[in-house]
Every structure is written in structure tokens, then in C-alpha cells.
Number of protein chains: 4
Amino acid sequence: MTETRPLRADARRNRERVLNAAREAFAAEGISVPLDEIARRAGVGPGTVYRHFPTKEALFHAAIVDNLERMIDFAREAARADEPGPAFFAFLERMVAEGGLKRDLAEALGSHDTVECSAPTQQLWDEIDGLLRRAQDDGAIRADLRPTDLKRIIRGVFLATHSPEITDDERRHTFAIVFDGMRPR
Amino acid sequence: MTETRPLRADARRNRERVLNAAREAFAAEGISVPLDEIARRAGVGPGTVYRHFPTKEALFHAAIVDNLERMIDFAREAARADEPGPAFFAFLERMVAEGGLKRDLAEALGSHDTVECSAPTQQLWDEIDGLLRRAQDDGAIRADLRPTDLKRIIRGVFLATHSPEITDDERRHTFAIVFDGMRPR
Amino acid sequence: MTETRPLRADARRNRERVLNAAREAFAAEGISVPLDEIARRAGVGPGTVYRHFPTKEALFHAAIVDNLERMIDFAREAARADEPGPAFFAFLERMVAEGGLKRDLAEALGSHDTVECSAPTQQLWDEIDGLLRRAQDDGAIRADLRPTDLKRIIRGVFLATHSPEITDDERRHTFAIVFDGMRPR
Amino acid sequence: MTETRPLRADARRNRERVLNAAREAFAAEGISVPLDEIARRAGVGPGTVYRHFPTKEALFHAAIVDNLERMIDFAREAARADEPGPAFFAFLERMVAEGGLKRDLAEALGSHDTVECSAPTQQLWDEIDGLLRRAQDDGAIRADLRPTDLKRIIRGVFLATHSPEITDDERRHTFAIVFDGMRPR
DNA sequence: GATGAATGAGCATTCATTCAT
DNA sequence: AATGAATGAATGCTCATTCAT
């Protein structure tokens, strides 16, 4: 959507470097990182960032979309698994554990008061809805869990368990409790 | 703890106006709201804000502490209830529903990477720990739910269900699901 | 010039307290001391300062004039002494040693780029001119030392020897050298 | 020591313009000149000033150091002269006459209650000590004049004779008197 | 295309001064 | 008269964005 024609090799490389630097910086410190700092980490000048992304907000979007796309991939993998229930929970855990951008992505997932990254967000939710329906049809998830609840729970768990200090075991334990709430009694 | 000596009537009124404006503004937009904007909303000059709060961060703290104190009150009320299980869940719901400051309070509840409001935060957690233990002793909550999990879940639910558009019924429904995860199977 | 009619006793006392606080504060930190700080040190509210001095600058003037008047007294005492030469040098030393306000008074003594405190400044210089003339007539001071030179030298010595760390002996030694330059060869 | 790598031509030109504007502004009004005013006089935006000098204080330092370095050059020239006595006095006069920044440099020369520009200040004093010693060895300066006295006298004369209105002749005359005090009787 | 210098609006904070209590 | 709360202009500094090199 940003680039309309093939980029020169060095331009593409720079775009990638900027995006990676942005992902890391935003994940660590949120949107308040100065753009100059991102440029510095990417090893380019601020002008170069603007060649590839028209505003800082667009760069932020791009970083989020990048993450969303990885998650869509996760969801599609999960859709191909044999057992819908375990696949669903495994997907959730993976999504949260490898989610990437911290609070900022979570905001995007909720999509209120923040930028719209509509197309990929919608795609991701579509995939998740599919996973949920299959797991419910399979009897692994209670029937009264609506997609809307799931979104909120994912967001919440995502935000709540994203802290530098938490260990994988601790995160898994908290997950297990929340996941239990989603199962049929 | 905040005012050490009686304030003149007009001063107290202004302090209250500033704090209210700050609470609303911070709740809606996070700490990035310009202080001048808060002053404007409170109908005072920026200097007046500084008469009552030495820095913007102090004002932010004060807003959070204000909320924490309300929640401590909720917790103490819940502690006086007869049935520990229902009291526990009712407290959680009330805390989240009437919590006030959005993401910023949640940050404080998690207390990493953010300002410390240590004393009241600690007090609140002490109260919550007490409620949890009584509910567990009563068999209303699964035994393997650790205070640490509870903190994360509260934070997550808090963040996840704080959106302007959500209805009370929707919130209650999501709560119910998460709460079910905390019950013994 | 400020008070046109006798003040009530408490008002006069407050005026004195403010002026003393101002003298000390200005002496220590220059004109940049906040007026509120002076008020605090004087144990009054800032409004009270304004009742006695219409602006901060006026207060600063008043503090300087206060010092100038003490020096005029020194000069008049010196004028009554028997030996004009020693009296002259003793006056200089006393003026510098007990001068009070540091650089700010010095500015006034030079009276460029700063506020005019014309009448008392003029009076002081008149007295000093008299002392100088008598010492020159007596042969204790070289004839080509003009009042203008003397002003500069006083200012310079004043500024140069006003440091918290300097000892009286050190100051006297530097004085002695400069004073020797004023003597006939 | 200031620029560590070659600057673009326009950047160097702007840096120079800012530094010149700062020198003039600080000389005329002291450190209280608003930085925006300096930027305006230099014909640049305030951000540009900050690109070259990280804080206002750093800019102030730079202006002082610039002057100190010129004086060190003067001192080194004087050290190469044949007759130590006249060279010493000529240096003093030149230092004061062409010194540049008024009271602010003088503060640096005295180095109390103000910013340290230690390295160049120390260098300058080392040079001056050398000149003094040679002149004393040559019998042109009284033996009891200590470097410490000299510092004070230079500071004082510097401050005292820096006024917009003074003529060169007047300054020289005042110098002559003070200098006479330094000679052996 | 890339660079990084320049811009300038915006923000937190201070403080002389005014005025309600 | 005194108090001290309120005001708001001013200041140092930041950072998204533009543009000359």
C-alpha cells in the first residue's frame, strides 16, 4: 500500500532496517520513542525514514501490521491442525508469547482510540473467529463465548502478561487459569 | 497525606477542580495530555496547577492515588461481607467497572516501568490478598490461583474491558467467563 | 520616597524585615532570587512585599540604597579623621570589606547598564571625592589619580575581592598592592 | 575539541553565527539573555542552537572558552617577547582591552559560583604565571605579588574597565595606576 | 536516493505581579 | 494591612517534519 512499484535493492534494504528498528523501539518504549532515535538505531538519517513512511504514525502502523501478519500466519497454521481445541489454545499462547509489540499492539487489537490498521486486523479476527468456531463445534470451548469476549480476553491477557520480569512458567500458569474459564464446565 | 494543613476554601476548591480535570484527561488520553490543557479544562491557569502539584508527574500520581484509595475502600467493604466467594467476585467487578483511570492506573497496578505509588498500591494489594485468601479458604476459588496470577488477571481484565463503547452487560459477560476460570473445577 | 506618611509600627517592622531579607538574599545570589523566596525568608507573604515596594526592582534599589547609606556614613567618619592619607585608605578598605551586596552593589557603583539610584550614589561619590582631594592635597595620593580612576578601581577591587573563600589577610595583601599604585612615586 | 568531525559547510556557518550572536548577547546582557533571542539574532531557529550546543549553559561555556583561547594566544605571544616586564604589562592591557565577554568571562576567570571551564582556564593561568615569574625574575614586578593577587587584580580591572562609555585613553590611564602598584618601589 | 541540518510549534515549568479572602 | 492563591507571560528544551546538499 505504501510502495507502488519495485524498490531498488538498497532502498528495500533500508526500508527493512527501519522497520526492524521501529519494531524493537516501539516494543520496548512505546510510541514515544523519538523518530530520530529509530533512525539512529537503523543506521540511517531521519530523512530516509520519511522516504519510506510518510509520517511517524505510518511507521507505527507498519510495525503493527508487520506483527499482525505474523499472527495471521500463526492462525493459519493452527487452522490446519487436526484437533481444534488444543490448536486453539496453542495458538492463543503463541500469539501472546510471541506477540511482539507490547501495549501498542494490544491497543491496535482493540482498535479504539487508536489508529485503524483495518485490513490486517480484520483478517486476523476473521482467522481467529474461524479457530474459535471450530473449537466450539468440537466442544472444546463453551458455547457462550462470543468472539467479542475472546477479543477482550486476548487483549487483556496480552497486556497483563507482557512484562519484562515475568518468566515463561509464570505466564503459562496465568494462561491456564484464564483458559480454563473458556472451557465448558 | 496530601494536604498537610487546612487550605483556604478557594484553594481547596481549585485543587479539587484540577484533580478532577486531571483524572478525566489522564483517563481519556494517558499521561501525554498537556498540562496546560488540564489547566484549561479546570478553568485555572497553569501556575495554579503547580501551586497544588509540584510536577506533572506528581499530579499524575495524585490522580492514581485517588483511584487507589477508592479501591481500597471497596476492598475493605468487601472484607466485611458475609460470604467470601461472592464478595470477592463482586469486588473484582466493582473495581474494574468503577476503576476510573484507564491504562494509567493499570500500569500503576502492575507497577513496572512506571512511576511508583508504592504505599497505596501495596495497601490495595494487601487487601486484595486478604480477600483472595478468605475466598480460597471458603472453597470458592481454586487453590492454585496465586496472588501474582490474580494481579495479572485484574490488570488484564481492567485494560481489556475499558473502552468507551462497551456496555455493562457485555462487560459482565466477559467477566463471568474469566471468573469461571478462577473457580475450582 | 516610597513612604509619604508615618507607617504603623507593625508595618514599619515588616518593611524592615523584608529589606533585611532582601539584602541578604541579593547579596548571596544576586537579583535572580525569586521574590517569593525573599518573602519567605522575611516571614511574610509576597503581597506584603508589594505593599512596601512597588516592584521587585524597587526592592533591589532599596537594598542597594541601604548599603550606599552605610558607606556614606563611613565616608563621613573618614572625613572627620586627622590624617587624610591613612583615613582615605582605611575608608577604602572598610568600604570594600563591609560593602555588603556583592556584584550588584558594584554595578550600582558603576551605574551603567543598571538601575539608577542616583541621589545616594551621587552623595557617596561626592563624599569620596572630598576624601580623595584632601588626601591628594596632603601628598598621600598621586595627583594624576582622577575621581574617575578611583571609581573604577574601587569597583574593580570590590568585585575582585568579594568571594566567599578569600581570607581577610589575602584581601588586605591584594589591597596593599593596588593602593601602592595610588601613592606618589 | 568542540567539533569532532568536519561539519557541512552550512552547518559550520550556522554554528559560527550562533556562537557570534551568543558572544555579543552574553557580553551585553549576561547569561540571562533568552536563548530564543540569541537564535533570533543569529537568524536561526532555537532548534538549530540546540543542534550545536546541547544546553544553554554549554553555549555559554563555548562563548567563554572561545575568549579564553584568544587570551591564551595573547599570553603565548607575550611569552616570546624579549623584555619580560613590558611584555607582561602589554599582555595585561591587551587581555583587558580585547577581552570580549564582560562580567561573564570575569566570572570564569575567578571560577567561583559559576560554571567550570577548567581546562582552558587552567591553561590561561599557567601561561600568566609563567609571564609573571619571568617579569619578577627580571625585576619588573615586585616580588611579593603572588599569582593569587594577580588573578584578583586582573579580574577587578577587567570588570571595572568594561563599560561601553569608557575611552581607550581613560582605560589606559586607570591601568597605568594599577600597574604602578605592581612595580617594585 | 540518502543525509543530516534546520525549522518551529509545542510542552513543562518558573516567577513577577494582582487580587480575593 | 496582611495573606497567600491565582494568573499568565516567558523560558529552556524536544521532536516531527522539511529541505538544501
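Residue numbering restarts at 1 for every chain, and letters A, B, ... go by the order of the sequence lines.
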Original post:
Is the shortest side-chain N/O distance from C:Thr48 to OP1 or OP2 of F:dT3 below 4.0 Å?
Top reply: yes
**OP:** Please state how far atom CZ in C:Arg13 lies from atom P in F:dA2, giving the value in whole angstrom units.
**Re:** 9 Å
Subject >> Value in whole Å for how far the C1' atom of E:dC11 lies from CD1 of B:Ile31 >> reply: 13 Å
Original post:
Taking any strand in view, what nucleotide pairs with F:dA1 in a Watson-Crick or G-U wobble way, both distances under 3.5 Å?
Top reply: none
Original post:
Does A:Asn14 make a side-chain N or O approach to OP1 or OP2 of E:dA2 shorter than 4.0 Å?
Top reply: yes
Original post:
Any side-chain N or O of D:His52 less than 4.0 Å from the OP1 or OP2 oxygen of E:dA6?
Top reply: yes
Original post:
Using purine N1 to pyrimidine N3 plus N6-O4 or O6-N4 for Watson-Crick, or N1-O2 and O6-N3 for G-U wobble, each under 3.5 Å, what pairs with F:dG8?
Top reply: E:dC15
Subject >> Gap between atoms CZ and C1', on B:Arg40 and F:dG8 respectively (whole Å) >> reply: 15 Å
**OP:** Would you mind telling me which of D:Asn14, D:Thr55, D:Val44 makes a side-chain contact (heavy atoms from CB on, under 4.5 Å) with D:Val49?
**Re:** D:Val44
Original post:
Counting side-chain heavy atoms from CB outward, which of E:dA12, E:dT7, E:dT17 is closest to C:Asp36?
Top reply: E:dT17
Subject >> Heavy-atom closest contact (A:Leu19 atom, A:Ala63 atom, distance) >> reply: CD1-N, 3.8 Å
Original post:
How close or far is atom P of F:dA16 from atom CD of A:Glu37, stated in whole angstroms?
Top reply: 11 Å
**OP:** Choose from F:dA5, F:dT7, E:dA12 the nucleotide whose nearest atom is closest to any side-chain atom of B:Lys56.
**Re:** E:dA12
**OP:** Measure across A:Arg15 and A:Phe53 and return the closest heavy-atom pair with its distance rounded to 0.1 Å.
**Re:** NH2-CE2, 3.5 Å
**OP:** Select one nucleotide: of F:dC13, F:dT21, E:dT13, the one nearest the side-chain heavy atoms of D:Pro46.
**Re:** F:dC13
**OP:** Using atom CD1 of C:Ile38 as one end and atom C1' of E:dC15 as the other, report the distance to the nearest whole Å.
**Re:** 12 Å
**OP:** For the side chain of D:Leu35, starting at C-beta, report the closest nucleotide among E:dA6, E:dT17, F:dG12.
**Re:** F:dG12
Original post:
Do any N or O atoms from the side chain of D:Lys56 and from the backbone of D:Val33 form a donor-acceptor pair under 3.5 angstrom?
Top reply: yes
Original post:
Pick the nucleotide of DNA chain E nearest each of C:Val33 and D:Arg51; which residue has the one closer to the 5' end?
Top reply: D:Arg51
Original post:
Of the nucleotides F:dG12, F:dG4, E:dA12, which has the atom closest to the D:Tyr50 side chain?
Top reply: F:dG12
**OP:** Let me know, please, whether D:Thr55 or C:Gly43 comes out on the 5' side of the other along DNA chain F by nearest nucleotide.
**Re:** C:Gly43
Subject >> Between F:dT14 (P) and D:Phe53 (CZ): distance, integer Å >> reply: 15 Å
Original post:
Between D:Val49 and A:Val49, which has a closest nucleotide on DNA chain E that is more 5'?
Top reply: A:Val49
Subject >> Length of the line joining B:Glu16:CD and F:dA5:P, which is rounded to integer Å >> reply: 16 Å
Original post:
Taking CZ from D:Arg15 and P from E:dA6, how many angstroms apart are they, rounded to a whole number?
Top reply: 12 Å
**OP:** In plain terms, say whether A:Glu37 and A:Arg41 are close enough for a salt bridge, that is, a side-chain N and a carboxylate O under 4.0 Å apart.
**Re:** yes
Original post:
Which heavy atom in C:Ala21 sits nearest to a heavy atom in C:Ile38, and how many Å separate them?
Top reply: CB-O, 3.8 Å
